[in-house]
Each structure stands twice: as structure tokens, then as C-alpha cells.
S.K.: 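Got a structure here, written out as C-alpha cells. Questions coming.
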There are 2 protein chains.
Amino acid sequence: MRRKPGALLPIEEAILAAGLDLRRGGSSEFHGFSIAKRMQDIGEAQRLTAHGTLYKALGRMEAAGLLQSRWEEPDLALAEGRPRRRLYRMTGTGERAASTIRTESERPILGRQAGLAPS
Amino acid sequence: MRRKPGALLPIEEAILAAGLDLRRGGSSEFHGFSIAKRMQDIGEAQRLTAHGTLYKALGRMEAAGLLQSRWEEPDLALAEGRPRRRLYRMTGTGERAASTIRTESERPILGRQAGLAPS
DNA sequence: CGATTATAGGAAGATATCTGCCTGATGCCA
DNA sequence: TGGCATCAGGCAGATATCTTCCTATAATCG
């Protein structure tokens, strides 16, 4: 499946929306697994039990400059007895793309043109 | 199920045996998941697909002084794209217990008395 | 020897990320 | 408008460790 240059796929929109919500809630960073759970909670997007879709989308979005990631401190993960997390943050580009989503959501007639630059 | 004071359970013997084999093969350290796979390969012990048994046994053996563990360098795990490993090494006590296993394996008539000190 | 107690076994799930493979969908070109 | 090429979706598995809960088993005591 190919995408229109500059367009966002539904899952990418969902990720950006989740990032905005978390930002609003005081957390500027999030990790893949929490996004997956969040999407399950609100019954949004595909179930994503197969995380393949999500993690691939995260990878694409980072490559496209919408997100930026870093690995969390290893000792923190050990202290909490769980695997290490890859933490994501929205870039300025991502925030603008997210804003455009909301704007366009209010105007469904218009085509979507924000987001990813053509490769 | 309770154990006789000082006795080793079959799974603990299997772990020590695996540790000796790895030692012989040049690796002084091993991690839980590799032991699990090793046991599956040689069809030994219970299948251990439910790793609960193995990791609990590893924990008991460390508490009993037979093994000693450390977490591997986090960057190494990242570089290899996998979760971090907990590396185990046999202590002197563990080696002696392992030796006693072999000795007693050759003399099945005798009862087993090596290994764990009574609590 | 039987009852009781204590501990191990086993299954399942949790946490978190990533990849391979195959199928399906979308954009572009003629 | 249809065909082709490219890329995303989806599933399943992989890697690695740990915990909960319930059952089963073994040791101890009377």
C-alpha cells in the first residue's frame, strides 16, 4: 500500500493524537507499549494486539521526523523490574501535523495534505 | 512440596550440569533463557515452556549460594536488539554440589546429601 | 502410618520491543 | 479506468525476565 505524499495514515494520526493527549496530561514522552494499551482502552484503531503495526508505524514516524526517541535509563527499568522502554517525543513537525489533523477533522470535506513530506 | 535439607532438586541439578557443560565449553556465564533452550534441546527436565519453574529455581539457587548473578551491560543488549540478560555464574559451593551430583550419579544406591544447607 | 505443614511445580500472563513473511491496499502511469 | 509497483497491515513469533495463583508433592511430627 502506498501513501499520498505528505499524508498521514490513520494509525499515525492516532499516535500523534495520543501524544498530544499525554502532552496535555503532563507527560511529554511516551513508549510504544503504553500507546498500544491506550489505543486498546479507547477501542481506537485496530486492536494492535499484534504490535507489529504499531512499532513499525513508530519507526516510520521517527524516520519521517515526526517523532524522536531515546532509550530510558537502564537502571530505572531494572529497579522497576521490567524491560527497558524506548521513549518517544513529538517533534515540532509532529506537533504541526497533529494540529492539522484536528483542524481537518473539523472539515472533513477537505483532503488531507499535512504531515509526511514526499520521499 | 518440601525438600530434604541439603538436597538438590532435579531441576537444580540440571541447571548445575548445564553450567558445568558451558564452563567446559569456555563460557563461565549463562542466562536463564539459554538454559531453558538447552534443556529443551536435550529433552531434559520438564519442558519448561512455562519459564516460571526455571527462573524460580535460579532465584532459589542464588539465594542458596550456588549461583551468583549480575545484569549484563545495557548497551550490549541494545546493540544486539534484544532484552537485557541476567547472567549467572556458579560459585565454589555450586561447583562442589555439581561434582557431588556426578559422583552420586555413578552410585545411585546412595542417598543424596550434597547441596543446600537446611533453612 | 497418617495428618499436617511447607515448599516446589506448572500454567498463564505481564512487561516491552522488534522482525519476517504474506496479504492487502493505495498511488501512479498509460 | 485498469494494471502495476510500492508500501502498509496483520499475524505470529522471537528475545528475556519475572510474578501470581492454584495444585501437587515431599518432609516432618505425633
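Every chain is numbered from 1 and lettered A, B, ... according to where its sequence line falls, protein lines coming before strand lines.
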S.K.: What is the distance from CD of B:Glu62 to C1' of D:dT17, rounded to the nearest Å?
M.R.: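 The distance from CD of B:Glu62 to C1' of D:dT17 comes to 13 Å, rounded to the nearest Å.
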S.K.: Any idea which of D:dA8, D:dC18, C:dC18 is nearest the A:Arg60 side chain?
M.R.: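 Between D:dA8, D:dC18, C:dC18, the one nearest the side chain of A:Arg60 would be D:dA8.
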S.K.: Between D:dG9, D:dT6, C:dA8, which nucleotide gets closest to the side-chain atoms of A:Ile11?
M.R.: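 Among D:dG9, D:dT6, C:dA8, the one nearest the side chain of A:Ile11 is D:dG9.
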S.K.: Yes or no on side chain to side chain contact (heavy atoms under 4.5 Å, CB included) for A:Phe33 and A:Arg85, after CA distance, side-chain angles and deciding distance?
M.R.: CA-CA 8 Å; A:Phe33 198 71; A:Arg85 289 171 179 161; over 6 Å; no
S.K.: Would you kindly give the CG-to-P distance between A:Leu54 and D:dG10, to the nearest whole Å?
M.R.: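 Computing the A:Leu54:CG to D:dG10:P distance gives 12 Å.
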S.K.: Measuring from the side chain of A:Arg3 (C-beta onward, heavy atoms only), which nucleotide among D:dT20, D:dA16, D:dA8 has the closest atom?
M.R.: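 Output: D:dA8.
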S.K.: Under the criterion side chain to side chain contact (heavy atoms under 4.5 Å, CB included), I'd like the reasoning laid out for A:Leu67 against A:Arg89: C-alpha separation, chi angles, the key distance, then a yes or no.
M.R.: CA-CA 6 Å; A:Leu67 297 175; A:Arg89 196 164 51 75; over 6 Å; no
S.K.: Quick check on DNA chain D: between A:Ala57 and B:Arg84, whose nearest nucleotide comes earlier from the 5' end?
M.R.: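 It is A:Ala57, whose closest nucleotide lies nearer the 5' terminus.
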S.K.: Just call it for B:Arg82: base, sugar-phosphate, or nothing, with non-hydrogen atoms closer than 4.0 Å on any strand.
M.R.: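 Sugar-phosphate contact only - B:Arg82 comes under 4.0 Å of backbone atoms but never of a base.
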S.K.: Rounded to whole angstrom units, what separation is found between the CD1 atom of B:Ile15 and the C1' atom of C:dG9?
M.R.: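 The distance from CD1 of B:Ile15 to C1' of C:dG9 comes to 13 Å, rounded to the nearest Å.
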S.K.: With respect to the side chain of B:Lys56, which nucleotide from D:dA16, D:dC11, C:dG10 is positioned closest?
M.R.: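 Shortest atom-to-atom distance from the side chain points to C:dG10.
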S.K.: Do you know the tightest heavy-atom contact between B:Asp21 and B:Arg38?
M.R.: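 Result for this residue pair: CB-NH2, 3.1 Å.
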S.K.: Has the side chain of B:Arg85 got a donor or acceptor that lies under 3.5 Å from a partner of the other kind on the base of D:dT17?
M.R.: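 There is none.
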S.K.: I need the CD-P distance between B:Glu72 and D:dT15, as an integer number of Å.
M.R.: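 Going from B:Glu72 (CD) to D:dT15 (P), I get 14 Å.
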S.K.: When you get a sec, tell me which of C:dT17, D:dA8, C:dG10 is the closest nucleotide to the side chain of A:Leu9?
M.R.: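 The answer is D:dA8, which lies nearest to the side chain.
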S.K.: How close or far is atom P of D:dA16 from atom OH of B:Tyr55, stated in whole angstroms?
M.R.: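 The distance from OH of B:Tyr55 to P of D:dA16 comes to 8 Å, rounded to the nearest Å.
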S.K.: Would you indicate what A:Gly81 reaches in the nucleic acid, counting non-hydrogen atoms under 4.0 angstrom: base, sugar-phosphate, or nothing?
M.R.: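 Counting heavy atoms under 4.0 Å across all strands, no contact is made by A:Gly81.
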S.K.: Is there a salt bridge (Lys or Arg N to Asp or Glu O under 4.0 Å) between B:Arg3 and B:Glu12 once you walk through the steps?
M.R.: CA-CA 12 Å; B:Arg3 71 168 75 216; B:Glu12 292 164 356; 2.7 Å; yes
S.K.: With respect to the side chain of B:Phe33, which nucleotide from C:dT19, C:dG9, D:dT17 is positioned closest?
M.R.: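 Among C:dT19, C:dG9, D:dT17, the one nearest the side chain of B:Phe33 is D:dT17.
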S.K.: To the nearest Å, how far apart are B:Arg86 CZ and D:dA16 P?
M.R.: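 Checked: the CZ to P distance equals 15 Å.
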S.K.: Nearest whole angstrom, please: distance from the P of C:dT17 to the CG of A:Leu87.
M.R.: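 It is 8 Å, rounded to the nearest whole Å.
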S.K.: Give me the one residue out of A:Glu72, A:Glu62, A:Glu29 that meets salt bridge (Lys or Arg N to Asp or Glu O under 4.0 Å) with A:Arg86.
M.R.: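 By the salt bridge (Lys or Arg N to Asp or Glu O under 4.0 Å) criterion, A:Arg86 pairs with just one of A:Glu72, A:Glu62, A:Glu29: A:Glu62.
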S.K.: Choose from D:dG9, C:dA6, C:dC28 the nucleotide whose nearest atom is closest to any side-chain atom of A:Thr53.
M.R.: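 Nearest nucleotide to the side chain: D:dG9.
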S.K.: Just the rounded figure in Å: distance from P of C:dA16 to NZ of A:Lys37.
M.R.: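 Nearest whole value for this atom pair: 7 Å.
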